[in-house]
Amino acid sequence: MSDTHALNFLEETIEQQIKNETQTTPIVTRFPPEPNGYLHLGHAKSICLNFGLAQKYKGTTNLRFDDTNPETEETEYVNAIKEDIQWLGFQWHNEHYTSNYFSQLYQMAIQLIDKGLAYVDDLTSEDIAKQKGEPSKPGTESPYRNRTPEENKRLFEEMKQGKYTNGQKVLRAKIDMTSPNMHMRDPIIYRIKHVPHHRTKNEWCIYPMYDFAHGQSDAIEYISHSICTLEFEVHRPLYNWFIQQLNLYPSQQYEFARLNLTYTLMSKRKLLQLVQEQSVSGWDDPRMPTISGIRRRGYTPNSIRKFCEKIGVARRENIIDVNLLESCIREELNASAKRVMAVLDPIEIEITNYENAKSEILLAENNPEDPNSGSRELTFSKHIFIEREDFMEEPIKKFFRLSPTTLVRLKSAYILQYERCEKDEQGNIKKLYCTYFPNSKSGQDTSGIAVKGVIHWVDKATALCAEVRLYDRLFLVENPSDSEKTLAEILNPNSLQIIRNALIESSLATTKPEDRLQFMRKGYFCLDKSSTEKQIVFNRIVTLKDTWQKEIFSH
RNA sequence: AGCCUUAUAGUAUAGUGGUAGUACAACAGAUUUUGAUUCUGUCCGCCUAGGUUCGAAUCCUGGUAAGGCUACCA
């Protein structure tokens, strides 16, 4: 085996089954989204699991749209979901739709009726709910429970033909109204919805429920391992019951714990709410945990797969530290991203002892982690910009950037010494005047001066202006899904910071949409989809680790 | 309340009767022309009470805690 890491419980199960020869057919998994929203990181976990398992055991994975509720489902979502899966780097074997099985499912319902295992119920949904009882108390049987198969068949046929209104009748499985498992108390398996379906249009006005569709669809596709999240655990007896009563391929359901991430919400419903309330700009807002959001943010497919691999899969409730996600993308980008310089909050420096008209070319290493990455040219002249926070007139302790008492090196350039500054009426520093050491040029430094700080900069003569968007976590609380407050109350008001006048080095003019760069000391960045040649827009993917900020914060 | 499930460091995840390991986080130090990276070290754990056993995170029993189920959603 190529992988050295321990098996998760599903791999363990599969290997046991292969060993015991209880699994002799190929491993077939499926990813079964309902096309009613965009995929998020929780789905990514499921995708990596389902496709990964099949790959590992030389099987296949189907994509199946679980489209049994026409009220919420749209083709727009189908297309977005497919794009997201492919972006993650997976390709399904077959593309299926539960709606393709509507006829077969209908026939199966009739089989159940024939066997006396399903009946048409005229009760209202309120009455059905009432008769369902409570988990600790048995339910009561519907007065319509004992209709003959003939009558049931006639009524079900009439339901299909549109003779009844929404809710007027349902088809129920006849199982056990006293079961301790609520899902076994004569579950509804077909309901009337006079609603056009995004694929079958007006062909049907009755639609199967999830429980009557999922297991059978799995069986039709010879899914060997049907993997879902823990909340479906109580559905498993029902899943098995239908497969058994209908004598279908014995697909088996397995459950795992869904992904929770700190400071992140992972429920489709609540993410939809963020979009609708315009707390974010859309499903692909770079702060969203949707696949489209993190893609736009600049995360790579590889980093997401790595993340899913690292979080593992188990059956206990969990909440993953969002730091782990960030460490995955940092690890990748540290190795691959080209280093460049961008000043987000510029303050000008005039180098008083530098010749007025002079401009020189300096060479800068593209990536110290990658010896093959080469170098690029930077221009340097009398007027430059540095980061405002890299200068302190009255430095706090341990500050080793530019100050009246400390020298700094300009990255890939010269050592600089503070001379004086110019302030406006409010006392804000407008401009710094410094001197440089001509013999301290990077790579050929003979000055003998040792500096502790190295800061980034851009040349005023050649720098370009760009918009830079800085993102922070969307929520203030560690576990937003646990919070009893409203979304608005726990939303981080500073989750988006837009900087319109950042200055970036000139080499960035040719940045391509797929490029990911490290703005030295500032983080990893990529072009936003809204970026144009005239108006360059960068997204911050993730910050660099920053122990200095922590140090300041602790003061 | 009934049924189902789960319980190993701060957060995850291995360990399947024989020395509790890994990752992320945290902390300290070294290196560093990114307060990054890299390296070294430190901190921190088997929910609990019994039982079986030479030996228990692991097996058994009781307790406790957390999660799930009571939609004509999936």
Side-chain angles (χ1 to χ4, degrees), chain A residues 5-8 12 32-34 36 66-69 71-73 98 121 123-125 128-129 132-139 166-172 179-183 185 187-193 206-207 209-211 213-214 228-237 255 257 262 268-269 310-328 330-331 334-335 339 341 364-365 368-369 398-401 408-413 415 440 442-443 445 451-456 478 518-523 543-552:
Chain A
H5 79 277
L7 301 179
N8 65 48
E12 186 74 46
E34 182 186 13
N36 69 345
D66 216 349
D67 54 353
T68 57
N69 184 0
E71 280 172 323
T72 57
E73 297 154 5
T98 305
D121 198 337
L123 253 29
T124 63
S125 68
I128 290 176
K132 208 144 207 196
E134 284 167 38
S136 54
K137 294 189 198 96
N166 292 353
Q168 200 177 346
K169 284 182 169 35
V170 291
L171 186 69
R172 291 230 257 170
S179 171
N181 183 340
M182 299 297 284
H183 294 274
R185 322 244 265 224
I188 291 164
I189 59 179
Y190 261 96
R191 76 290 212 191
I192 299 168
K193 274 181 197 281
I206 57 170
Y207 293 93
M209 298 287 289
Y210 165 85
D211 284 307
H214 205 96
C228 59
T229 46
L230 237 30
E231 68 267 25
F232 289 98
E233 192 178 357
V234 284
H235 295 246
R236 196 184 337 135
E255 309 89 14
T262 56
K268 251 190 213 175
R269 209 192 82 240
K310 282 187 173 184
I311 59 179
V313 49
R315 283 173 64 83
R316 58 186 102 106
E317 294 293 323
N318 61 80
I319 181 159
I320 308 285
D321 192 335
V322 72
N323 277 317
L324 184 61
L325 212 213
E326 297 188 340
S327 80
C328 289
R330 282 196 191 108
E331 186 182 30
N334 177 51
R339 272 60 169 170
M341 294 197 281
E365 208 177 8
E369 303 289 320
K398 289 208 241 175
F399 183 83
F400 51 77
R401 303 175 185 181
V408 283
R409 171 176 294 283
L410 297 170
K411 177 70 186 175
S412 301
I415 293 174
S440 67
S442 193
D445 184 355
V451 295
K452 206 145 185 228
V454 177
I455 62 174
H456 60 280
E478 188 166 290
Q518 186 194 99
F519 288 3
M520 293 197 87
R521 307 206 300 137
K522 287 280 131 189
T543 61
L544 257 30
K545 276 223 276 198
D546 191 350
T547 45
W548 172 241
Q549 277 302 326
K550 269 185 216 165
E551 181 81 28
I552 294 173

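A note on names: the letters A, B, ... follow the listed sequences, proteins ahead of strands, and every chain is numbered from 1.
- Listed candidates were B:C73, B:U5, B:A26. Nearest to the side chain of A:Lys550 is B:A26.
- In this structure, the nucleotide among B:A26, B:G35, B:U34 sitting nearest to the side chain of A:Leu544 is B:U34.
- Considering only the side chain of A:Asn323, B:A25 comes nearest among B:G35, B:A25, B:A23.
- Here the nucleotide nearest the side chain of A:Tyr210, chosen from B:C3, B:A74, B:U37, is B:A74.
- Which of B:A25, B:A14, B:U37 sits closest to the side chain of A:Asn334 comes down to B:U37.
- At whole-Å resolution of the value, CG in A:Leu325 and C1' in B:A25 are 14 Å apart.
- Atom CG of residue A:Leu171 and atom CD1 of residue A:Ile188 lie 10.0 Å apart, to the nearest 0.5 angstrom.
- Proximity note for A:Arg315 (side chain, C-beta onward) versus B:C69, B:A7, B:U5: the nearest is B:U5.
- Which of B:A23, B:C3, B:A36 sits closest to the side chain of A:Thr547 comes down to B:A36.
- Remark: the A:Arg339 side chain and the B:U34 base include a donor-acceptor N/O pair separated by less than 3.5 Å.
- Of the candidates B:U34, B:A23, B:G2, B:A23 carries the atom nearest the A:Lys310 side chain, counting heavy atoms from C-beta on.
- Contacts of A:Ser412 with the nucleic acid, taken as non-hydrogen atoms under 4.0 Å apart, include base atoms.
- Checked against B:U70, B:U13, B:U34, the side chain of A:His183 finds its nearest nucleotide in B:U70.
- For A:His456 against B:A36, a side-chain-to-base donor-acceptor contact under 3.5 Å is absent.
- If you take NZ of A:Lys411 and P of B:G35, they are 9 Å apart, rounded to a whole angstrom.
- The distance between atom CH2 of A:Trp548 and atom P of B:C27, rounded to the nearest whole Å, is 15 Å.
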